[in-house]
Structure formats: C-alpha cells, structure tokens
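Order of the sequence lines sets the chain letters (A, B, ...), proteins ahead of strands, with each chain counted from 1.
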There are 2 protein chains.
Amino acid sequence: MILSKSCEYAIRAVVYIASKTVKEERASIIEIAEAIGSPVAFTGKILQTLTRKKVLASSKGPNGGFYIINPASVYLVDIVRAIDGNEIFTACVIGLTTCSAEKPCPMHYQMKPIRDQLRIDFGKRSVYEMVQAFENNNYFLK
Amino acid sequence: MILSKSCEYAIRAVVYIASKTVKEERASIIEIAEAIGSPVAFTGKILQTLTRKKVLASSKGPNGGFYIINPASVYLVDIVRAIDGNEIFTACVIGLTTCSAEKPCPMHYQMKPIRDQLRIDFGKRSVYEMVQAFENNNYFLK
DNA sequence: TTAATAGAAGACAAATATATCTTTTATTTT
DNA sequence: AAAATAAAAGATATATTTGTCTTCTATTAA
C-alpha cells in the first residue's frame, strides 16, 4: 500500500467535496463519509487536518460544511503531502535513512525514476481534473 | 512507505545472505541483523517466512545458518511477494476494492504505468545483481 | 552420547494506525 | 435570545505492525 488509509480517504473526500463546490454546495462530514464509503468520525479527523493544512476550507453551523477554494490550483501531491508527508517521493525503498547518490542502496538507481514519475504525475493531476472525470460518471470514489 | 518495514528488512537480509552464499558461507540471524541494522528476533521471524516461501534456505546446528540456492534466479519481486504480497503492484492507489478499467478511480489511468514499471523493474532485478553491486562496496545495506 | 550451536515456534509486549465517542465552539435560523 | 446545525477538539478503544522473550527441535562436533 503506497498511501496510508487516511490518505486514501483524504483524496476521495477532497474529490467529492470539490464536486460539491463546483455546484456551489458544501458537504457535511456525514454526507462525505457516505459518498466515499469511509467511517464518519475518522473522516472528520482527516478533514480537520486537511483544513488546518489549507487544502480544504470549512464553516460551522447550518448550511456549513467543507468546500475547496480553488480546485484547479490544488493538486493530488498537495493532498498526499498534507496527510502522509513528502517521504513517499523521497524515502529509500529498503528503508535506509542514509540512502543517497553518495551512499546508495542496491535499488537506488532503479527507484529514482519511478519516484520522480510519481511526483510528476501527482503534481500534474489537479483536483479539478479529477472532479471533471467524476462528474462525467466515468469514475468512482467508492 | 511503499514496502512494509518487514519487507525492507527482508530485502536487505537476502542481499546480505546472498553475499555470504557466493563466498560459500552461511549467515546466522545475529550476524545478519548486525549487518543490516535490524532487530535480531524480528529479523529471525522474517527469515523464517522467507525460508518457508523458498526464497531462502536454512540449516540448524553448528555451521548452520541461512543461505540462498541460486541468487541469479531470485528476483526482488519474489522477496516482495513473499512478505508483502502482490498488492503493491495491483491495489488501487485510493483504496477502492472494485477499481478496474471498467470502474476506475480518478487516478486509475495515471497509476497503471507506474505500477507496471515497478513490477517490471522489480522483476528484472536479481539478487545476484544486487550482491555484485554490494560486493564492489558501491552500495550499502545499512 | 553429551554439549554446543543455531533455527523454529509460540506467547507476549510495545508502538502505530485506524476508528469511535463525547464535549465544546462557532454559526445560522427562527 | 433560543434552538438547531455542523465542525473542532480531546479522550478512549481497537486493530495491525513491529519487536521481544522463552522454549523447543534439529544438527554438528568432540
């Protein structure tokens, strides 16, 4: 599993929330959890983190809920970094803390292009793009 | 983290063991754990699994220890599958159990080439190759 | 055949990730 | 101002992963 479960939920939640935002609507925790098939309270914690990290925005009270300021300027990489950090793009595949070009592990040079590609692809894919696909009913979140 | 910690230790251990095997020597758990910087007893459990799964071989008693039958015919992918299973090459990046070309998640088509590349690279890289590099003192296991 | 060596196996412990529940705070509507 | 709504925050619970400890079994050498 390349991403933590929290991060998987986070991505699914953000895409769903953005799909509401583009319709000028906000989404409650309960609605989001239902839409993506995740545990309600746990999803709340994750959304809290995403809000603190400015990936999402939220408002309390009636008609409140979560929304996203600009889906076109938030990328998958931003969600991943907010929840799992940057390590998946940099950490040694066999867990060496000192792994680098100067002191490489036996997989260092094989892994570098793969990791770079991952970062590039995650950095290119905007939430807006993912929402467009989701809204066309061609893609799924649960 | 793409691989579990157990799997990271497993790969490092196998490379070290193979470096002994090519010198016609066997390696004890204690020696292995020291060489790769891993907890002794936990490493023992992992080696046990690798032996059960035929990635390694072992013998008890004096002059016993772990060794590998044919380093040139064991590939990184075999170690990963023995410890973490095949899921890292197939599982949906956002955790959908039903994700497929028929019912894709919003990252399905971006992830497929990355996963395929990972499987190809892991399937190409033999333990023997990794040992050669390690023995040249160009690469490290801790 | 006894002592020493070394992996196998099982029970147990700690740390981390995942999940739940309750209370508090902020906002909106009436 | 009061009631209702919804997120924030904190405490707690469960599951999984990581790590340890003890006993058992097999092998070798003296």
Check: residues 55-69 of chain A side-chain donor-acceptor pairs under 3.5 Å, at least two apart:
| unit_1 | atom_1 | unit_2 | atom_2 | d |
| --- | --- | --- | --- | --- |
| Ser59(A) | OG | Arg26(A) | NH1 | 2.5 |

Is there a path from Ile17(A) to Ile30(A) through hydrophobic residues (I, L, V, M, F, W, Y) whose side chains come within less than 4.5 Å of each other? yes
Here the gap from Ile83(A) atom CD1 to Ser6(A) atom OG, rounded to the nearest 0.5 Å, amounts to 7.0 Å
Residues in residues 47-55 of chain B with a heavy atom under 4.0 Å of DNA chain D, by number, are none
Show every donor-acceptor pair shorter than 3.5 Å between a side-chain atom in residues 121-128 of chain B and any protein atom, with sequence neighbours excluded, or say none if there are none.
| unit_1 | atom_1 | unit_2 | atom_2 | d |
| --- | --- | --- | --- | --- |
| Asp121(B) | OD1 | Gln117(B) | NE2 | 2.9 |
| Arg125(B) | NE | Pro106(A) | O | 3.4 |
| Arg125(B) | NH2 | Pro106(A) | O | 2.7 |
| Ser126(B) | OG | Tyr128(B) | N | 3.4 |
| Ser126(B) | OG | Glu129(B) | N | 3.1 |

Angle separating the five-pair end axes of the helix from dT1(C)-dA30(D) to dT30(C)-dA1(D), nearest 10°, is 0°
Is there a side-chain contact between [X] and [Y] in this structure, where contact means two heavy atoms from C-beta onward sitting under 4.5 Å apart?
X: Met130(A); Y: Tyr139(A); value: no
X: Ile36(B); Y: Val15(B); value: no
X: Lys103(A); Y: His108(A); value: no
X: Tyr9(A); Y: Ile94(B); value: no
X: Phe140(B); Y: Phe134(B); value: no
X: Ile88(B); Y: Leu118(B); value: yes
X: Thr43(A); Y: Ile32(A); value: yes

Rounded distance in Å - [atom1] ([X]) to [atom2] ([N]):
X: Asp84(B); N: dT16(D); atom1: CG; atom2: P; value: 16 Å
X: Glu87(B); N: dT17(D); atom1: CD; atom2: P; value: 11 Å
X: Leu56(A); N: dA6(D); atom1: CG; atom2: P; value: 17 Å
X: Phe42(B); N: dA14(C); atom1: CZ; atom2: P; value: 16 Å
X: Ile46(B); N: dT17(D); atom1: CD1; atom2: P; value: 13 Å

Besides Ile120(A), the hydrophobic cluster formed by Ile, Leu, Val, Met, Phe, Trp and Tyr side chains linked at under 4.5 Å, directly or via other members, contains none
Kindly say if [X] contacts the phosphate of [N], meaning a side-chain N or O under 4.0 Å from OP1 or OP2.
X: Lys5(A); N: dA19(C); value: yes
X: Ser6(B); N: dT18(D); value: yes
X: Ser58(A); N: dA8(D); value: yes

With B for base contact, S for sugar-phosphate-only contact and - for none (protein heavy atoms under 4.0 Å), nucleotides 22-30 of chain C reads ---BBBBS-
Per the under-4.0 Å heavy-atom filter, residues of residues 7-22 of chain A near DNA chain C come out as Tyr9(A)
Ordered by number, residues from residues 23-40 of chain B within less than 4.0 Å of DNA chain C (heavy atoms) are Ala27(B), Ser28(B), Ile29(B)
_Set out, in order, the CA-CA distance, both residues' side-chain angles and the distance that settles side-chain contact (heavy atoms from CB on, under 4.5 Å) for Arg81(B) and Val77(B), then state yes or no._
CA-CA 6 Å; Arg81(B) 286 199 174 114; Val77(B) 72; 3.4 Å; yes
Counting distance only, does the side-chain N/O of Asp78(B) pair as donor-acceptor with the main-chain N or O of Tyr75(B) below 3.5 Å? yes
Of all residues at least two apart in sequence or in a different chain, which pass the salt bridge (Lys or Arg N to Asp or Glu O under 4.0 Å) check with [X]?
X: Glu25(B); value: Lys20(B)
X: Arg119(B); value: Asp116(B)
X: Glu34(B); value: Lys142(B)

Between the protein and nucleotides 21-23 of chain D, list every N/O to N/O distance that falls short of 3.5 Å.
none

Full working for side-chain contact (heavy atoms from CB on, under 4.5 Å) between Arg115(A) and Thr90(A):
CA-CA 7 Å; Arg115(A) 265 199 293 267; Thr90(A) 58; 5.5 Å; no
